[in-house]
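Start at 1 with the first residue, then count along the sequence.
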Amino acid sequence: MQYIIISTAVVDEIHFPGNSTVVEAGGGAGLYAYAGARLWHPSVGLCCGKGKDFSKTLKPIFEKHSIPDSCMFNVHAETPKTIVNYQENGERIETPVYGKDHYELFVAGIDELKVPLFEAKGAYLFKEAEDSAFWKALFSLKKEYGFSLLWELSASSAKPSSLGLVESIASQVEILSLNRSEAQALYGEDEQAVIERLRGLGIPLVFYRRGKQGALMITKDEIVSVPSDFSYALVDPTGAGNSSSAAVLVGFCEKRRPYEIGIMGSIAAGSNISQFGIAPLSDQATFDKAEERYLYFMHQEKGEN
């Protein structure tokens, strides 16, 4: 596999404010990130635990979308389930039903990553900053294997007390992905100051996500603004950041320009918010529309009709 997704696949129970309807769907940062990367490249693997009830919970989704499980490892416990409660302001609270310790059983450690990462071009990682032993081992593996790494910051690490640790880790990756609220919680400054702080990291790319306002692609040499793709109907915003981040990883590794990379992310996010659960990867129309939208934005950039 050329692209490895390092995060989990879970069952999400989604609740919206003022709506008694509860929706269950396959989710988790890993599954959404897989869909975002797979939209732009055929060789993607998801590295995470597979519960003892996998055949009943997630296997139908994996089979429907032809998601390989060759990078997964068996865990003798129930598939993780997350209660996703959306608030009136659009923010959400995620609660693991079986607890954090149970969830951690399904997170890949270095031993599970050695083989999948050996031939990888790029890896997506959704992870907190505080696991110092993991990061040390991963960067040793990265140095040995030579893959590019996108780190999507976990919201739990977006706090001033973790700033030094976050910046130390970020200095060793190719791409840092975080959203506006996470960045401001981390730095505690106004947005323009935050953007300059992120630019000052001096890493190849910061993917600064701003929801409906699109994203900024921040390098040491330029800041490129990319729009969101509003051609997709909003059904469920869960996973937009994960899917767009993984798409950005693919664009970066395939040596696209910052604007092109950002557009790939915007389209991946749009594709994933247009239904509950991940984008319909079993449908060729999903890929056709992504390509159509990509060409549209390229024409827009050039000022063409």
Legend entry - Phe73/Lys50 under side chain to side chain contact (heavy atoms under 4.5 Å, CB included): CA gap, chis, key distance, verdict: CA-CA 6 Å; Phe73 54 92; Lys50 182 166 58 173; over 6 Å; no
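- Here the rule is side-chain contact (heavy atoms from CB on, under 4.5 Å) with Thr219, and of Leu205, Val224, Val206 only Leu205 fits it.
- Proximity of a side-chain donor or acceptor of Asp69 to a complementary backbone N or O of Met72 within less than 3.5 Å is not detected.
- Residues Pro204 and Lys220 have side chains not in contact (no heavy-atom distance under 4.5 Å, counting atoms from C-beta outward).
- In this structure, Phe276 belongs to a hydrophobic cluster whose other members, linked by side-chain heavy atoms under 4.5 Å apart, are Ile14, Phe16, Val23, Val84, Tyr86, Val235.
- Pairing each heavy atom of Pro116 with each of Leu113, the nearest pair is CD-O, 3.3 Å.
- The backbone N or O of Gly239 lies less than 3.5 Å from a partner atom in the side chain of Ser243, making a donor-acceptor pair.
- Under the 6.0 Å distance and 45° angle rule, Arg38 does not count as a cation-pi partner of Tyr34.
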Inset, instruction - Let me see the working for Lys127 and Glu152 under salt bridge (Lys or Arg N to Asp or Glu O under 4.0 Å), right down to the final yes or no. - result: CA-CA 7 Å; Lys127 183 77 175 175; Glu152 182 177 345; over 6 Å; no
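- For the residue pair Ser228 / Gln213, no side-chain donor-acceptor distance below 3.5 Å is found, with atom types taken as modelled.
- Between Arg257 and Glu222, none of the side-chain N atoms (NZ, or NE/NH1/NH2) sits under 4.0 Å from a carboxylate O, so this pair counts as no salt bridge.
- Here the CD atom belonging to Gln192 is positioned 13.5 Å from the CZ atom belonging to Arg197, to the nearest 0.5 angstrom.
- Between the OH atom in Tyr145 and the CG atom in Leu138 there is a gap of 11.0 Å [rounded to 0.5 Å].
- In this structure, Ile261 CD1 and Leu249 CG are separated by 9.5 Å, a value rounded to the nearest 0.5 Å.
- In this structure, Leu153 is a member of the same hydrophobic cluster as Leu198, with clusters built from ILVMFWY side-chain heavy atoms closer than 4.5 Å.
- Contact of the Val11 side chain with the Pro80 side chain is not registered, since no non-hydrogen atoms from C-beta on lie closer than 4.5 Å.
- Side-chain atoms of Ile175 and Ser148, non-hydrogen and from C-beta on, never get closer than 4.5 Å to each other.
- You'll find the side chain of Leu141 reaches within 4.5 Å of the side chain of Leu117, heavy atoms only.
- The closest side-chain heavy-atom distance from Arg293 to Phe297 is below 4.5 Å.
- Atom-to-atom distance recorded for Leu58:CG and Leu31:CG is 7.0 Å, nearest 0.5 angstrom.
- Hydrophobic cluster membership is shared by Tyr294 and Val44, with clusters built from Ile, Leu, Val, Met, Phe, Trp and Tyr side chains linked at under 4.5 angstrom.
- Following chains of ILVMFWY side-chain contacts shorter than 4.5 Å, one cannot reach Val75 starting from Ile61, and the two form parts of different hydrophobic clusters.
- Taking 4.5 Å as the limit, every side-chain heavy atom of Asp12 sits out of range of all side-chain heavy atoms of Glu24.
- For Ser244 and Arg209, the side-chain atoms include no donor-acceptor pair closer than 3.5 Å.
- Closest of all the heavy-atom pairs between Ser157 and Val166 is O-CG2, 3.8 Å.
- Closest approach of Ala77 to Phe106, counting heavy atoms only: O-CZ, 3.8 Å.
- Ile263 and Pro227 make their closest contact through CD1-CD, 3.8 Å (heavy atoms, listed as atom of the first residue, atom of the second, distance).
- Remark: Glu94 CD is packed, more than 12 non-hydrogen atoms of other residues, nucleotides or ligands lying under 6.0 Å away.
- For the pair Ile169/Phe139, a side-chain contact is recorded, criterion being any heavy-atom separation below 4.5 Å from C-beta on.
- If you check the side chains of Thr238 and Arg92, you find no donor sitting under 3.5 Å from an acceptor.
- Figure legend: cation-pi geometry between Lys59 and Phe62 absent, as NZ or CZ is not positioned both under 6.0 Å from the six-membered ring centre and within 45° of its axis.
- Counting heavy atoms from C-beta on, the side chains of Ser154 and Glu182 never come closer than 4.5 Å.
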Inset, instruction - Apply the test side chain to side chain contact (heavy atoms under 4.5 Å, CB included) to residues Leu186 and Lys159: give CA-CA distance (whole Å), side-chain angles for both, the deciding distance (0.1 Å), then the verdict. - result: CA-CA 4 Å; Leu186 187 64; Lys159 53 191 177 185; 5.8 Å; no
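- A salt bridge links Lys121 with Glu254: the closest approach of a Lys/Arg side-chain nitrogen to an acidic carboxylate oxygen falls below 4.0 angstrom.
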Legend entry - CA sep, side-chain torsions, deciding dist, call: Ser271, Tyr232, side chain to side chain contact (heavy atoms under 4.5 Å, CB included): CA-CA 6 Å; Ser271 184; Tyr232 293 91; 4.0 Å; yes
Legend entry - Ile93 vs Gln87, side chain to side chain contact (heavy atoms under 4.5 Å, CB included): CA-CA, chis, key distance, verdict: CA-CA 8 Å; Ile93 299 172; Gln87 311 299 297; 3.7 Å; yes
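- Screening Tyr124, Phe126, Trp135 against Trp151 for a ring pair (Phe, Tyr, Trp, His ring centres under 6.0 Å) leaves a single residue, Trp135.
- Cluster membership for Ile6 and Val248, using ILVMFWY side-chain heavy atoms within less than 4.5 angstrom, is not shared.
- Counting all heavy atoms, side chain and backbone alike, Cys47 lies closest to Ile4 at CB-CG2, 4.2 Å.
- For the residue pair Tyr208 and Glu191, a side-chain donor N or O sits within less than 3.5 Å of a side-chain acceptor on the partner.
- The line from OG of Ser171 to CD1 of Ile203 is 8.5 Å long, rounded to the nearest 0.5 Å.
- Remark: the backbone N or O of Gly109 is paired with a side-chain donor or acceptor of Glu112 at under 3.5 angstrom.
- Proximity of a side-chain donor or acceptor of His102 to a complementary backbone N or O of Glu78 within less than 3.5 Å is detected.
- With a 6.0 Å radius and a threshold of 12 heavy atoms from other residues, nucleotides or ligands, Asp101 has its CG atom at or below the threshold.
- Around the NZ atom of Lys136, the shell of radius 6.0 Å holds no more than 12 heavy atoms that belong to other residues, nucleotides or ligands.
- Taking both residues in full, the closest heavy atoms of Ala35 and Ile278 are given as CB-CB, 3.9 Å, listed atom of the first, atom of the second, then distance.
- Cluster annotation: Leu216 and Val226 are assigned to distinct hydrophobic clusters (Ile/Leu/Val/Met/Phe/Trp/Tyr, side-chain heavy-atom contacts under 4.5 Å, transitive).
- No donor-acceptor contact under 3.5 angstrom links the side chains of Gln275 and Asp236, judged on distance only.
- In the model, Asp229 has no side-chain atom that pairs as donor or acceptor with a side-chain atom of Ser266 under 3.5 Å.
- Between Met264 atom CE and Phe252 atom CZ the span is 12.5 Å, to the nearest 0.5 Å.
- Looking at Glu13 and His15, their side chains do bring a donor and an acceptor atom within 3.5 Å of each other.
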Inset, instruction - Under the salt bridge (Lys or Arg N to Asp or Glu O under 4.0 Å) rule, what do Lys114 and Glu144 come out as? Steps first, then yes or no, please. - result: CA-CA 11 Å; Lys114 287 179 179 178; Glu144 180 181 356; over 6 Å; no
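- Using a 4.0 Å cut-off between charged nitrogen and carboxylate oxygen, Glu292 and Lys289 do not count as a salt-bridge pair.
- The backbone N or O of Ser43 sits less than 3.5 Å from a side-chain atom of His41, completing a donor-acceptor pair.
- Annotation: Phe118, atom CZ; neighbour count of heavy atoms from other residues, nucleotides and ligands within 6.0 Å does not exceed 12.
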